[in-house]
> 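I am attaching a structure below and will ask some questions about it afterwards.
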Number of protein chains: 2
Amino acid sequence: MPRTKGDHEARRRDVSEAVWRVLAAQGFGGLTLRAVATELGATTGLLTHYFPAKRDLVAHALDLLDQRTAARPRRAAGTGLAAVRAALLDILPLTAEATASNRIWVSSWDTALADPALSGEYALKYGRSRDKLRELVAAAQELGELPPGDPARIAAGAQSFVLGLVVQALFAPEAFPPPRQTELLDDYLAALVHPWPESR
Amino acid sequence: MPRTKGDHEARRRDVSEAVWRVLAAQGFGGLTLRAVATELGATTGLLTHYFPAKRDLVAHALDLLDQRTAARPRRAAGTGLAAVRAALLDILPLTAEATASNRIWVSSWDTALADPALSGEYALKYGRSRDKLRELVAAAQELGELPPGDPARIAAGAQSFVLGLVVQALFAPEAFPPPRQTELLDDYLAALVHPWPESR
DNA sequence: CCATTCACATAACAAGCGTTACGGTTATGT
DNA sequence: ACATAACCGTAACGCTTGTTATGTGAATGG
């Protein structure tokens with residue numbers, strides 16, 4: 001029973017949504033053609049039409065992860081330190097959608113670490129993310145809202161902190177509810193803000 | 001061709017080592033009965049003798065991860081802040097073995113997040129880890145080497161930081177060589193050490 | 001010393017996987 | 001209007017997976 005009207009773009013979106021639902025439920029390890037097909041109410045024949053091979057499905061899933069992460073509703077950026085804080089808060093699993101996205105993100109690490117090519121791609125991606133954060137840090141420093149110091153180092157530290165907080169919050173959501181996460185991030189930023197009088 | 005001398009314990013260790021090698025090479029997603037069997041130079045019959053079902057193999061692999069992480073050669077602990085630093089340094093992938101262990105650790109998160117029971121177990125495990133760190137933090141506070149403040153909060157923050165640093169170092173080992181990791185951790189600790197004069 | 005249990009190999013099983021071939025509709029272009 | 005291509009279901013393929021049944025030689029114990 002093929003589609004009566006060939007709304008191809010809409011069907012493509014349906015496929016993506018089915019992929020996303022499978023990822024949210026089973027993670028990357030459970031991403032299988034038949035799982036996506038039944039989630040979509042279709043068969044594997046449809047999927048092989050859109051994705052010649054499994055690796056293409058996985059690639060699409062990774063694209064989807066990128067794209068939905070990028071398209072997340074961001075809070076008002078502000079300037080200086082406020083922009084840094086906003087950027088970091090945007091990463092944390094503070095909403096249900098952000099939690100789902102982060103859960104998929106973490107589960108993709110198994111696949112990525114097993115494939116050197118994917119691993120390298122991830123390294124570049126995180127490097128770019130650190131660069132963006134570094135610019136925000138540098139801007140905050142110019143405003144005098146952050147003490148001087150290598151902005152790249154500060155950015156790398158902040159990214160580490162947020163990344164680890166994501167993982168912990170995913171495993172223990174009741175121990176790390178949104179207020180707690182915000183609290184911890186603010187602790188981190190407060191410690192960062194304060195200049196360090198003693199020479200090392 | 002069964003073993004001539006029934007060195008059962010030794011064989012058990014051989015099995016564990018084969019499991020570990022498979023995990024290091026393929027991650028948790030590649031942990032399969034036949035992979036372990038061929039790595040061991042045996043058949044699946046042996047494995048089903050030791051592990052009635054696959055879940056038992058996975059459980060054993062997780063135990064192995066726990067146990068080898070716990071048995072890692074630790075640096076001299078010291079007291080107060082030095083003990084905190086030592087405990088955090090012990091987590092980072094600063095050696096080849098620690099890197100392998102951490103790689104397996106991260107790859108286990110996909111499996112763990114897909115299974116609610118495992119997920120809860122992990123939450124407890126990380127909770128205990130935070131508790132231990134909290135005690136070290138509290139001890140450092142009593143020595144005056146860390147400013148006052150909720151030790152649980154400080155411990156949670158430190159654990160987040162180190163955890164995220166582990167992930168970043170795994171994906172970009174050349175960008176996060178051991179000296180860089182140590183540097184970043186020391187930055188974090190330095191910011192933590194300094195008391196915060198302004199009331200919020 | 002012999003029966004029983006243990007410690008495996010061997011081999012097959014059903015289920016699930018990605019992949020492929022093929023057939024029938026529906027749209028598209030000429 | 002008709003050939004062609006796109007779209008998608010059906011069905012099967014070969015492979016890998018976990019699991020199970022059966023056999024066999026070594027260890028064990030009464």
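Proteins get letters first, then strands, A, B, ... in listed order; numbering begins at 1 in each. Computed from a prediction, not measured in an experiment: that's the story for all the values here.
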> Using atom CG of Leu47(B) as one end and atom P of dT20(D) as the other, report the distance to the nearest whole Å.
15 Å
> Is it true that a side-chain atom of Asn102(B) and a backbone atom of Ile91(B) form a donor plus acceptor pair closer than 3.5 Å?
yes
> Does anything in residues 49-66 of chain A reach DNA chain C, meaning a heavy atom under 4.0 Å, and if so which residues?
Ala53(A), Lys54(A)
> May I ask you to check whether Phe161(A) and Tyr188(A) place their ring centers less than 6.0 Å from one another?
yes
> Quick one: does Arg103(B)'s side chain have a donor or acceptor within less than 3.5 Å of a partner on Leu113(A)'s backbone?
yes
> State whether Glu17(A) and Arg21(A) are salt-bridged, where the test is any N-O pair (Lys NZ or Arg NE/NH1/NH2 against Asp/Glu carboxylate O) under 4.0 Å.
yes
> Round to the nearest Å and state the distance from Leu33(B) atom CG to dC15(D) atom C1'.
16 Å
> Do other residues, nucleotides or ligands put more than 12 heavy atoms under 6.0 Å from the NZ atom of Lys125(A)?
yes
> Tell me whether Arg85(B) at atom CZ has more than 12 heavy atoms from other residues, nucleotides or ligands lying less than 6.0 Å away.
no
> For Gly80(B), does its backbone N or O pair with a side-chain atom of Glu145(B) as donor and acceptor, under 3.5 Å?
no
> Between the protein and nucleotides 10-12 of chain D, list every N/O to N/O distance that falls short of 3.5 Å.
none

> Assign Thr48(B) to base, sugar-phosphate, or nothing according to its heavy-atom contacts below 4.0 angstrom with the strands shown.
base
> With a cut-off of 6.0 Å (strictly less than), are more than 12 heavy atoms of other residues, nucleotides or ligands near CZ of Arg72(B)?
yes
> Taking only Lys NZ, Arg NE, NH1 and NH2, and the carboxylate oxygens of Asp or Glu, determine whether Glu9(A) and Arg12(A) approach each other closer than 4.0 Å.
no
> For DNA chain C, what residues of residues 16-31 of chain B have any heavy atom nearer than 4.0 Å?
none
> Do Ile104(A) and Trp20(A) come close enough that some side-chain heavy atom pair is under 4.5 Å?
yes
> Please report, rounded to the nearest Å, how far the C1' atom of dC8(D) is from the CZ atom of Arg11(A).
8 Å
> Using whole Å, what does the distance between atom C1' of nucleotide dC7(D) and atom CG of Asp14(A) come to?
15 Å
> Check whether Gln181(A) reaches the backbone of Leu92(A) with its side chain - one donor and one acceptor, N or O, closer than 3.5 Å.
no
